[in-house]
Amino acid sequence: MKKVEIYILSGFLGSGKTTLLQQLLTQEKEQNRRIAVVMNELGQVSIDSHAVPGGTPLKELLNGCVCCTIQGQLETQIHSMLQEYELDAIYIETTGVAHPVEVLDACMSPAFADQIDMKGILTLVDANRWKDRKNLNIQLQKLLVEQVRHADIVLINKVDTLSPSEQASLSYEIQSINPHAACVLTTYARISLETVKKRSMGKKTDHEQAHVDHHLHLKTFVYEQQQPFDLELFENWLRHMPDTIYRMKGYLTFTHSNDLYMFQYSYGMPIYMKEMMKLPKNLVLIGENLNHLEIKEQLRQLEEQSAARS
């Protein structure tokens, strides 16, 4: 089954995300690719939806940030698009105050994780805003750094306002925060689709092993459960999770029950809830420097040990 590519456009308020989206959509159209767009606005009305060409499937998430208050809505809208349209890719334009990891988390629903191919996070940095970020409150300063730290491509935008020495200094600073990302100097957020795809695609394996390039900093991993886990063994496995695993979620079965459970894990805390619907038994992990083969082997062994116990 062909997977639908997902691209996340990140960056602080006014950095040029909508301009970037317009240019990428134009290039996608020239290649006759079928594209859909999700736009997230903090306000109650849409401001930038007019930027999306007519005929392009568009879902708008208003009056909240996809990384917190309306995360579930994004999952619903992506699921709906996957069912309604034959697509090659979905572009998600986030609000300026969205955290990339939270947005990625919302995209990686176990209900459809095996239908998508997470291609990467593109973060725009307003060159002058970055230079003057110390004038922002400390939380927003940290957010700007986080948006850079978790990007696969960083576009340092509006560099025409900087001297060559300022451009070099800013590039060095950005790359010191995220040496794994491609760093591109731009004006009007101009970047070729070829550059985006070359960086974000990389060498792929099947979805059980990796959804993103092996060289990327932030990775996702989808495991398809074959047999129920013993809850005690599963929780012992969780206790050995490194801090670099930010999120886990899935629909899982356990040997003590015939029910399907929705599983959520963050900051070392697991949550289990009975799920009444029949959904694919997928476990999604999001984190840095994931060793896909090692995790896959651990979970396979966990299934075998659980079966031996039951």
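Proximity of a side-chain donor or acceptor of Lys274 to a complementary backbone N or O of Leu260 within less than 3.5 Å is not detected. With hydrogens and angles disregarded, no donor-acceptor distance shorter than 3.5 Å links the side chain of Ser80 to the backbone of Thr76. Side-chain atoms of Thr94 come within 3.5 Å of backbone N or O of Leu9 as a donor-acceptor pair. For the pair Gln27 (side chain) and Ile191 (backbone), a donor-acceptor distance under 3.5 Å is present. In this structure, Gln305 contributes its side chain and Leu233 its backbone to no donor-acceptor pair below 3.5 Å.
Looking at heavy atoms from C-beta onward, Phe12 lies in side-chain contact with Leu140 at the 4.5 angstrom threshold. The shortest side-chain heavy-atom distance between His99 and His150 falls under the 4.5 Å cut-off. Residues Pro270 and Gln264 have side chains not in contact (no heavy-atom distance under 4.5 Å, counting atoms from C-beta outward). Considering only heavy atoms from C-beta on, Phe234 comes within 4.5 Å of Leu252 through its side chain. In this structure the side chain of Ser306 never reaches within 4.5 angstrom of the side chain of Glu303, judged on heavy atoms. Contact of the Cys107 side chain with the Ile78 side chain is registered, since non-hydrogen atoms from C-beta on lie closer than 4.5 Å.
How far CD1 of Ile92 is from CG of Leu21: 11.0 Å, rounded to the nearest 0.5 Å. The distance from atom CG of Leu87 to atom NZ of Lys2, rounded to the nearest 0.5 Å, is 9.0 Å. Distance check: Ile271 CD1 to Met248 CE gives 12.5 Å after rounding to the nearest 0.5 Å. Rounded to the nearest 0.5 Å, atoms CZ (Arg34) and OG1 (Thr56) are 13.5 Å apart. Atom CD of Glu297 and atom CG of Leu293 lie 9.0 Å apart (nearest 0.5 Å). The distance from atom OG of Ser165 to atom CG of Leu170, rounded to the nearest 0.5 Å, is 11.0 Å.
In this structure, a donor-acceptor pair under 3.5 Å is present between the side chains of Glu5 and Tyr7. Side-chain contact of Thr253 with Gln225: a donor-acceptor pair under 3.5 Å is present, judged by distance alone. With hydrogens and angles left out, the side-chain atoms of Glu93 and Thr18 include a donor and acceptor closer than 3.5 Å.
Between Glu28 and Lys197 there is a salt bridge, since at least one side-chain N of the basic residue sits less than 4.0 Å from a carboxylate O of the acidic one. Look at Asp132 and Lys134 and you find no salt bridge, because none of the NZ, NE, NH1 or NH2 atoms lies under 4.0 Å from a carboxylate O.
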Between Asn128 and Thr161, does a side-chain hydrogen bond (donor to acceptor under 3.5 Å, both in side chains) hold up when you go through it step by step?
-> CA-CA 8 Å; Asn128 287 296; Thr161 63; 2.7 Å; yes

Run the numbers on Tyr188 and Gln23 for side-chain hydrogen bond (donor to acceptor under 3.5 Å, both in side chains), then give the verdict.
-> CA-CA 10 Å; Tyr188 300 103; Gln23 297 190 49; over 6 Å; no

Are Lys119 and Asp117 close enough, and set up right, to give a salt bridge (charged side-chain N to carboxylate O under 4.0 Å, His left out), and what steps lead you there?
-> CA-CA 6 Å; Lys119 289 300 185 182; Asp117 194 353; 3.1 Å; yes

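Residues Met262 and Met108 are members of separate hydrophobic clusters, defined by side-chain heavy-atom contacts under 4.5 angstrom among Ile, Leu, Val, Met, Phe, Trp and Tyr.
Counted within 6.0 Å of CZ on Arg133, heavy atoms from surrounding residues, nucleotides or ligands total more than 12; the atom is thus considered enclosed. By the 6.0 Å contact criterion, CD on Glu232 is open, its count of non-hydrogen atoms from other residues, nucleotides or ligands being 12 or less. More than 12 heavy-atom neighbours from other residues, nucleotides or ligands sit within 6.0 angstrom of CD on Gln31. The environment of Glu84 atom CD is dense: over 12 non-hydrogen atoms of other residues, nucleotides or ligands sit within 6.0 angstrom.
Between Phe263 and Tyr272, the angle of the ring planes lies from 30° to 60°, which puts this pair in the tilted group. In this pair, His256 and Tyr261 present their aromatic rings tilted. The plane angle is within the 30 to 60° band.
Applying the ring pair (Phe, Tyr, Trp, His ring centres under 6.0 Å) rule to Tyr251 yields no partners; only residues at least two apart in sequence or on another chain are considered. Take Thr186 and apply the side chain to side chain donor-acceptor pair (under 3.5 Å) test, not counting sequence neighbours, and it matches Asn157.
Of the residues Leu24, Leu25, Ile90, the one that meets the side-chain contact (heavy atoms from CB on, under 4.5 Å) test with Val37 is Leu25.
Residue Asp230 comes nearest to Thr255 through the heavy atom pair CA-OG1, 3.5 Å, listed as atom of the first residue, atom of the second, then distance.
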